[in-house]
Chemist: 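Before anything else, here's the structure in question.
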Amino acid sequence: MSDKFDWSEFKGDEIVRSTRAVIVYLNPDNDVVIRQEAAPYEDDEPWIVIPRQSVPRLIEKLKQLAEAH
């Protein structure tokens, strides 16, 4: 018997999935940046820039999605 566990055999059965860190900060232009830690197989970290005046709309949409059934 191999000591190596084959996670692919249980795809979709995860109870707790791993997540990458997410940070939010202001850039020098005073825009909001949301950045996610790169996965081990990625060279770059994904990130988006949101103009500060658009943040309230983003927050409202996130609330709607979080409350959706």
Side-chain angles (χ1 to χ4, degrees):
M1 184 165 124
S2 172
D3 289 336
K4 180 74 175 158
F5 186 81
D6 186 0
W7 287 89
S8 66
E9 289 182 34
F10 298 91
K11 191 70 179 162
D13 292 332
E14 302 95 342
I15 303 302
V16 177
R17 294 184 181 173
S18 61
T19 60
R20 296 179 280 164
V22 175
I23 61 170
V24 179
Y25 60 92
L26 295 176
N27 68 10
D29 292 328
N30 225 14
D31 296 318
V32 173
V33 179
I34 302 173
R35 189 172 190 148
Q36 185 176 45
E37 181 180 28
Y41 54 84
E42 294 176 322
D43 291 331
D44 296 321
E45 295 177 336
W47 51 277
I48 59 171
V49 177
I50 302 165
R52 284 189 72 174
Q53 66 268 20
S54 298
V55 171
R57 284 190 66 206
L58 173 65
I59 291 170
E60 282 305 310
K61 184 63 176 183
L62 291 172
K63 284 181 184 179
Q64 289 173 9
L65 293 172
E67 295 169 357
H69 291 76

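Heads up: numbering here begins at 1 and tracks the sequence. Small disclaimer: the values here were computed from a predicted structure and weren't measured.
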Chemist: Please tell me if the side chains of V32 and V49 come closer than 4.5 Å, counting only heavy atoms from C-beta onward.
Modeler: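 V32 vs V49: side chains apart.
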Chemist: Report yes or no: does E60 contribute a side-chain atom to a donor-acceptor pair with the main-chain N or O of R57 at less than 3.5 Å?
Modeler: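 Side chain of E60 to backbone of R57: no pair is present.
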Chemist: For the atom pair CG (L58) and CD (Q53), what is the distance rounded to the nearest 0.5 Å?
Modeler: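 Output value for this atom pair is 12.5 Å.
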Chemist: Can you tell me how far the CZ atom of F10 sits from the CD1 atom of I15, to the nearest 0.5 Å?
Modeler: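 It is 11.5 Å, given to the nearest 0.5 Å.
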Chemist: Indicate the atoms forming the closest heavy-atom contact of R20 with E37, along with that distance.
Modeler: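 Smallest interatomic distance, heavy atoms only, reads CD-O, 3.1 Å.
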Chemist: Is there a donor-acceptor pair under 3.5 Å between the side chain of N27 and the backbone N or O of D29?
Modeler: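 Yes, because the side chain of N27 sits within donor-acceptor range (under 3.5 Å) of the backbone of D29.
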Chemist: So if you build clusters from Ile, Leu, Val, Met, Phe, Trp, Tyr with side-chain heavy-atom gaps below 4.5 Å, do W47 and I50 land together?
Modeler: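 No, it is not one cluster - the side chains of W47 and I50 are not joined through contacts under 4.5 Å.
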Chemist: Rounded to the nearest 0.5 Å, what separates atom CD in E67 from atom CG in L62?
Modeler: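 CG of L62 is found 11.0 Å from CD of E67.
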Chemist: Would you say L65 ends up clustered with I59 if hydrophobic residues are merged whenever their side chains have heavy atoms under 4.5 Å apart, either directly or through other cluster members?
Modeler: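 Looking at the clustering, L65 is in a separate group from I59.
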Chemist: Considering non-hydrogen atoms only, spot the tightest contact between P51 and D31 and give its length.
Modeler: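 Nearest pair, atom of P51 first, then D31: CA-OD1, 3.5 Å.
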Chemist: Under the side chain to side chain contact (heavy atoms under 4.5 Å, CB included) criterion, do V22 and I34 qualify, and how do the steps go?
Modeler: CA-CA 7 Å; V22 175; I34 302 173; 3.9 Å; yes
Chemist: Test of understanding: with side chain to side chain donor-acceptor pair (under 3.5 Å), list the residues that count as partners of D6, not counting sequence neighbours.
Modeler: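 Residues passing side chain to side chain donor-acceptor pair (under 3.5 Å) with D6: S8.
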Chemist: Could you go through L26 and R52, starting from their C-alpha distance and side-chain angles, then the distance that decides it, and tell me whether this counts as side chain to side chain contact (heavy atoms under 4.5 Å, CB included)?
Modeler: CA-CA 9 Å; L26 295 176; R52 284 189 72 174; 3.8 Å; yes
